[in-house]
Amino acid sequence: MKKERIDKILGHMGIGSRKEIKEFAKKGLIKINGAVIKSSDFKVDPESDIIEYMNSVIEYREFIYIMMNKPQGLISSTDDPRESLVIDLLDDYYKNFKPFPIGRLDKDTEGLLLISNDGKLAHDLLSPKKKVGKTYYVQVMGYVEEEHVEKFKEGILLDDGYKTLPANLEVLVSDNISKVNLTIMEGKYHQVKRMFGALGMRVTYLKRISMGELLLDLTLEPGEYRELREEEISLLKRI
Ligand code: URA
């Protein structure tokens, strides 16, 4: 990794502002490879140099990868002064990495939301070319039957004239309120609701349960989150 200023690195790790880190350096609280450095513009390679603050080694990391079970009522954008944001649920430690949701969910949608500061992964997961499948558990008013499965397979003409890519509909329960799993390869605005809307059916509950091969951890209650495991990160990076 290329060398970076120590104040930038320690700032990224949540140790303090640039100004504060300058003071910490002056006070001799920062060591690089065992030697005190007095200047906060000193350059280090965070992967090979040993960085200490107040005699504790700082484990540097560039990226964070979080899986959240998004609750209803919060929005996925990173800045909206009038609304409560999913990002606000994160500990300050994570907020410091300036993470953002990868692929939005509506305010009233629950389920799997990836939150990271890895721009390349976000780009790959969201790129229409990559056709990453996203599966939603849906409750919808009306009987969902074989004819609907066929229509979803052909692609659905939305209200704006766009015809969706083929989608896979699995009927779990066909009833007054049907329960289905729907897998789509794109992420158009309100796509699942609009696909059912085009067939005259209203979605009453929507929850994302997977993205690519990554499954929502069912032990996470709405509003809870955890870091992805190494093997889960690899699943996503293989996309
Ligand atoms: N489709 C929707 O309609 N809403 C979501 O939140 C996600 C997919």
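Order of listing sets the numbers, starting from 1, for every ligand and every atom in it.
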Note: Glu83-Lys107 ion pair, threshold 4.0 Å (strictly below): yes
Donor-acceptor pair, side chain of Thr204 and main chain of Gln139, under 3.5 angstrom: yes
Protein residues that have a heavy atom under 4.0 Å from any atom of ligand 1, sorted by chain and number: Leu105, Asp106, Thr109, Tyr136, His190, Gln191, Val192, Lys193, Leu206
Test item: Arg5 side-chain N/O and Phe42 main-chain N/O as donor-acceptor pair under 3.5 Å: no
Sequence-distant partners of Phe97, ring-ring contact (aromatic ring centres under 6.0 Å, His included), two or more places apart: His12, Tyr93
Partners passing salt bridge (charged side-chain N to carboxylate O under 4.0 Å, His left out) against Lys26 (at least two apart in sequence or in another chain): Glu23
Non-neighbouring partners of Lys120 that pass salt bridge (charged side-chain N to carboxylate O under 4.0 Å, His left out), sequence neighbours left out: Asp124
